[in-house]
Amino acid sequence: MSGLILGCGAIAFVNGLAFLMFRIDKDRAIQGEWRVSEATLLTLAFIGGWFGAKAAQRRFRHKTRKEPFRTFLNLIPALWLLLAMVIAYEADVLNRPVFFRTQ
């Protein structure tokens with residue numbers, strides 16, 4: 001149980017950090033200062049902060065037209081879904097009696 005709590009806390013932290021970094025980058029863009037790199041923003045999204053990154057992108061209207069950044073950011077949830085499907089398939093989770101009861 002503590003592993004689940006720790007995992008949820010880590011995901012919440014990364015999402016909050018991604019949201020904050022988008023906000024910092026937007027503020028720096030407005031002020032003409034040194035920016036947060038796109039690689040940093042995409043890395044935060046990739047390691048689990050994609051929800052916070054997308055929320056910040058919409059909230060601050062930041063990097064909504066910038067290509068290929070926008071495409072890469074939109075592909076990250078699809079990659080996570082694909083990874084989850086592969087893990088479920090390899091673990092044979094979908095064929096367990098809990099999901100499909102046979103009589």
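Side chains included, hydrogens not; waters and symmetry mates left out as well; all remaining heavy atoms used.
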### Minimum side-chain heavy-atom gap Leu44-Phe22 below 4.5 Å
no
#### Entry: Joint hydrophobic cluster, Ile24 plus Phe69, side-chain heavy atoms closer than 4.5 Å
yes
#### Entry: CZ/Phe60: more than 12 non-hydrogen atoms of other groups inside 6.0 Å
yes
### Message
Checking Thr64 now: which residues fulfil side chain to side chain contact (heavy atoms under 4.5 Å, CB included) with it, not counting sequence neighbours?
### Response
Gln57
### Task
Drop me the distance from Met21's CE to His62's NE2, to the nearest 0.5 angstrom.
10.5 Å
### Query
With sequence neighbours left out, what residues match Thr40 under side-chain hydrogen bond (donor to acceptor under 3.5 Å, both in side chains)?
Ser37
### Task
Could you pull out all residues at least two apart from Arg59 that satisfy side chain to side chain contact (heavy atoms under 4.5 Å, CB included)?
Phe19
### Task
May I ask you to decide if Asn74's main-chain N or O and Trp50's side chain share a donor-acceptor pair within less than 3.5 Å?
no
Can you list, pair by pair, the side-chain donor-acceptor contacts under 3.5 Å of residues 7-15, counting residues two or more places apart and other chains?
residue: Asn15; atom: OD1; partner: Phe51; partner atom: N; Å: 3.3
residue: Asn15; atom: OD1; partner: Gly52; partner atom: N; Å: 2.7
residue: Asn15; atom: ND2; partner: Ile11; partner atom: O; Å: 2.8
residue: Asn15; atom: ND2; partner: Gly48; partner atom: O; Å: 3.0

### Task
With rounding to the nearest 0.5 Å, note down the distance linking CG in Leu81 to CG in Leu75.
12.5 Å
### Query
Which pairs pass salt bridge (charged side-chain N to carboxylate O under 4.0 Å, His left out) with one or both residues in residues 31-51, sequence neighbours excluded?
Asp25-Arg35, Glu38-Lys63, Glu38-Lys66
### Query
Which pairs pass salt bridge (charged side-chain N to carboxylate O under 4.0 Å, His left out) with one or both residues in residues 71-86, sequence neighbours excluded?
none
### Query
Gly49 and Ala18: which non-hydrogen atoms are nearest, and at how many Å?
O-CB, 3.5 Å
### Task
Answer with yes or no whether the hydrophobic clustering places Leu42 together with Leu20; edges join I, L, V, M, F, W, Y residues whose side-chain heavy atoms lie under 4.5 Å apart.
yes
### Message
I want to check something: taking the side chain as every heavy atom from C-beta on, are Leu41 and Leu73 in contact at a cut-off of under 4.5 Å?
### Response
no
### Message
Let me confirm one number: the CD1-CG distance from Ile87 to Leu82, rounded to the nearest 0.5 Å.
### Response
10.0 Å
